[in-house]
Each structure stands twice: as C-alpha cells, then as structure tokens.
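Only one structure is covered here, and it is reproduced in the block below.
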Amino acid sequence: MIDFSLSQDQIEAAQMVREFAEREVYPTIKEFDRRQEMNPHVLPRMAELGILGINIPVRYGGQGFDYITLGLVCEELERVDTTLRVVMSVHMGLNSMGLLQWADEEQKRRFLTPQASGEKHAGFCLTEPGAGSDVASMRSTARRDGGDYIVNGEKMWISMATKAHHFLWFAKTDSSAEPAHKGISAFVIESDMPGVTTGDIHDKLGVRAGSTGWVNCSDVRVPAENLIGLEGEGFKIAMSCLDNGRYTVASGATGLIRASLEASLAYAQERETFGKPIANHQLIKQKIAWMQQWYDVSRLLYLKAGWLKNEGQRNTRETSMAKWYATDMSFKAAHEAIQIHGAYGYSDEYDVERYLRNSRGAIIYEGTSEIHQLMQAGYALGERKDRPLRCNLPAYDPDIWMEE
Ligand SMILES: Cc1cc2nc3c(=O)[nH]c(=O)nc-3n(C[C@H](O)[C@H](O)[C@H](O)COP(=O)(O)OP(=O)(O)OC[C@H]3O[C@@H](n4cnc5c(N)ncnc54)[C@H](O)[C@@H]3O)c2cc1C
C-alpha cells in the first residue's frame, strides 16, 4: 500500500515552522545577509519552539516527531532562508542524529539531551584545508594519553563554527592504518576545552546570514568518554551522519525550489510586456512548468528517504539521489527565477538573487554533485553495496519517541 498523506501532527509542525520563519526571520533577512551576520534571535527561538530537537525522542530532550517531519521543517526553513536549514543540517542531521545512532546512553544524556532541548548547539568537523571529498586523507590526529586523547588538527568550512558548543570531530587514531579510513575515530569536542579556537570566514558567496568558519585543536585533552563508537569506527560514523545531513539538505533545497517558484509566479502575473502579463508568454510558462516539476520530484525523493528512515531501512542511495537532484535543481530554479524577474532579479530588491547565491553551496557540501554521481553509478553498476552497520539509526516508533 502507498499512502502519500501527511498526518495532522506533521502538517501542524510544518505550519508552525513556516509562521516562525515568515514572521520572525524574513523581515530582517536581507539586512543580516548584507551584514554577513547571524540574526541573534534565530537560535534561541528555534530552541524555544522545539525545532532544534524536533525528531529526537522526548526522553532525550526532543519533541518526538518522526523523520518526515524533519524534512518538512527543513523545507519550510529554507523556503525563507538557507541559513536556517543549515543550522538543522549540522545541529540535527550531522550531529544529533549521529549521536542518536552511535552514542552510548551516558553520552546521549551528556551531549544529545542538551542539544535536543536547544540549550547547546552542535557542529560537525570533518573537512580540513587539504581534505574534503577525500575524507581519509585528513591530517587531524588523536593520540591516547592515559584516560584522555590529545587532539590536534585544523578543520575548515565548518558550519556554526562560532556558534556551536559541541563538535563531532573526526581524527586519526591510527595514521598508519590500511586502508586509511579505518584509522579514523569520532569524538565530541566541546568549544570551551582549552586549546580549541574558532573563527568565521567572511565574504562567502552565499549563506551570509549564517556562520561558516574554522575550528582548530591544539593539544586539546579530550576524555576517553567523549569517543563516539569504537576506535577506528569514525569513517562509518561520518558516512552515516552524512546520510542524515544530506536528507536535510535535500528537503531544504526543495524549499528553495518552492521559494523560487512562488516568487516567479507572483512576478510573472504582475509584470507586463507586449500588452500582457509575462506569465502569458509560452517561454515563461515553460520555466514555471520546469520549476514545478523540479519541486514535485525533489519532494517525492526526500519524502521517500524520510519514509525509509521511519521504517528503519538503510537509505544511503535514496538520500544521495534526493540530495544530488534537489540541490542541482534548486540552483537551476533560482537561475530561472532571476531570468523571469529580468533586471530586477539581478538586484537584492527581490529575493531571487539571494536564492541563487544560497543554492550554490549545497552542490558542494555534504558530497559534491560529482561524488553523488559516482555513488549512483556505483550502485547501478553493482560496484557499491551498503554493508550492515554495528549501530543503525533507530526506526521511528511513536510510543518510544513520546515516552518520558
Ligand atoms: C557553505 C559550506 C558549509 C560547509 N559546512 C561544512 C561542515 O559543517 N562540516 C564539514 O566537515 N564540512 C563542511 N563543508 C565542506 C564541504 O563538505 C566540502 O567543501 C566538500 O566535501 C568538498 O570538499 P572540497 O571543498 O575540499 O573539494 P574537493 O574535494 O577538493 O573537490 C574539488 C572538486 O573536485 C571534484 N572531485 C573530487 N574528487 C573527485 C572524484 N573522485 N571524481 C570526480 N570529481 C572529484 C569535486 O566534486 C569538486 O568539484 C562546507 C562547505 C561549504 C561551502
């Protein structure tokens, strides 16, 4: 049986987030984008409204909604501004859901619970100045010293670098491991640990109202209790975190397509050329039809990935497809939206120029489009198979999720 309907809870959660984003973020987004600063009101309000723990079980401080609700929430957030969804990608998708999957009970209590309640914010530190797509070439190290690890390394292009309290940090505990990815381990690093320094990158093309920066560790003493999973399991942990982060990127990009479509519909019906609204010209109709198609397909792809998560089924391939398609199409949708707006689309009087700038980064982060193409070809050719993991993302069970 296929059921495409959403529950009342899912619809209401999406509605609540839409109202928050429209009323409390949209009115000042241009100002913060120009200033290249995050609106200080955003994180406290996302915490207060329960958005930062939306799909985490109630017993870990969350709201107990399912994974599809997370997708709907990301769609609503990015419809207003990409920076809002980026918060969810790192705080929820890449970090909190990684802890839900891999951390032990004590670690969940110490790290996940304050994150889900929004008291602490979370980031994800995988990329380094010399290692992006090729994760295994990272140089960050963690050396065991009694009951601690001594962590050294430099992470670059880290979303929420100057806002997060907890970072999921990947470092080599065995630099001579063969293959190299088997020497990577995952740790929670706290931003106030001595030796941790952070900073923001300025003059980015997009997501200017958000924090993207660097995080450095210089001889940071990290208790062994902060090791997530087992030594050498870091690569698998990072990849399963990406299955969740990419889901938020896909659903968010779907929201950006919707924003481009809505802006185009409004403008095309109002602007007249040659004695009629431009919406009556066939070539403009064609752009609108394309945008509608990109939106519908992107939404179906992410909802399917969300459904697989709810069912507890592996979804690496489906999530990668959703992320690749929706991000490529969100860039095309923003490009067509600018074209429909003519010269006005080229200025920040309208939102569409921001949509174009914001859409571009998602084609790079959480797996570039090239990496997703390699993955999809690998699955299709039978060269790539998902091996079972020691810890799986738990299937959604409303009784367990709502339990105090
Ligand atoms: C706004 C923003 C936010 C980010 N946030 C985070 C974050 O929070 N945490 C984090 O860890 N990282 C983050 N990143 C980093 C991001 O994940 C990396 O930029 C990304 O993984 C690509 O790595 P790279 O930039 O080093 O490019 P490279 O890996 O150097 O790739 C350069 C080019 O080569 C291509 N390429 C590489 N390998 C292959 C191949 N085998 N076949 C074909 N083509 C290939 C790539 O597709 C790309 O076009 C962020 C980046 C941005 C822009």
Side-chain angles (χ1 to χ4, degrees), residues 33 36 38 78 81-98 115 121-140 153-171 181 184 186-189 191 198-217 234-235 237-246 248-250 252-253 256 320 323-324 327-328 330-331 354 356-378 383-384:
D33 188 80
Q36 302 193 37
M38 197 168 192
E78 187 151 3
D81 196 61
T82 303
T83 53
L84 299 174
R85 190 273 304 155
V86 169
V87 169
M88 292 305 281
S89 292
V90 293
H91 174 90
M92 175 60 74
L94 292 170
N95 188 313
S96 299
M97 286 171 75
Q115 288 175 198
H121 308 135
F124 180 82
C125 293
L126 187 64
T127 306
E128 300 186 354
S133 310
D134 182 10
V135 170
S137 67
M138 70 169 58
R139 303 182 69 164
S140 182
E154 196 181 344
K155 300 289 180 179
M156 191 68 178
W157 291 105
I158 304 304
S159 304
M160 300 267 285
T162 58
K163 309 289 176 202
H165 306 94
H166 298 161
F167 295 107
L168 197 52
W169 179 285
F170 297 88
H181 71 261
I184 298 172
F187 300 86
V188 173
I189 303 259
S191 59
T198 65
D200 274 325
I201 298 167
H202 293 288
D203 302 326
K204 294 170 296 185
L205 177 67
V207 290
R208 289 186 163 214
S211 153
T212 318
W214 48 267
V215 183
N216 285 353
C217 279
F235 184 79
I237 296 176
M239 294 305 123
S240 50
C241 291
L242 285 167
D243 281 351
N244 299 323
R246 285 169 181 167
T248 64
V249 177
L256 192 55
S320 152
K323 191 273 180 188
W324 170 35
T327 56
D328 274 6
S330 71
F331 179 67
R354 196 177 78 256
L356 185 82
R357 289 188 289 104
N358 282 350
S359 68
R360 192 61 189 83
I363 301 173
I364 298 169
Y365 53 70
E366 303 218 27
T368 61
S369 279
E370 289 78 13
I371 293 300
H372 289 290
Q373 287 165 51
L374 292 174
M375 287 174 69
Q376 294 302 325
E383 294 165 354
R384 186 186 169 101

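Counting convention: from 1, in listed order, for ligands and their atoms alike.
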Flag: protein heavy atom within less than 4.0 Å of [atom]:
atom: atom 34 (O) of ligand 1; result: no
atom: atom 14 (N) of ligand 1; result: yes
atom: atom 10 (C) of ligand 1; result: yes
atom: atom 5 (N) of ligand 1; result: yes

Counting only heavy atoms, which portion of [X] has something under 4.0 Å from ligand 1: side chain, backbone, both, or neither?
X: Leu374; answer: side chain
X: Thr127; answer: both
X: Leu126; answer: both
X: Glu366; answer: backbone

- [ ] Could you tell me which atoms of ligand 1, counted from 1 in the order shown, lie closer than 4.0 angstrom to a heavy atom of Ile158?
- [x] 7 (C), 8 (O), 9 (N), 10 (C), 11 (O)
Task: Ligand-side contact atoms (ligand 1) for residue partner Val90, heavy atom cut-off under 4.0 Å - done: 8 (O)
Task: Closest protein heavy atom (residue, atom, distance) for atom 48 (C) of ligand 1 - done: Thr368 CG2, 4.1 Å
- [ ] Considering heavy atoms of the protein only, find what lies nearest to atom 25 (O) of ligand 1 and give residue, atom and distance to 0.1 Å.
- [x] Ile364 CG2, 4.4 Å
Task: Candidate with minimal heavy-atom separation from atom 24 (P) of ligand 1, of Ser369, Gly206, Gly132 - done: Gly132
Task: Sub-4.0 Å heavy-atom approach of Gly361 to ligand 1 - done: no
Task: Reference residue Ser320; test side chain to side chain donor-acceptor pair (under 3.5 Å); the match among Gln373, His372, Glu366, Arg246 - done: His372
Open item on the list: Please report whether ligand 1 has a polar contact with Asp134, defined as an N or O pair separated by less than 3.5 Å (distance criterion only).
Closed with: no
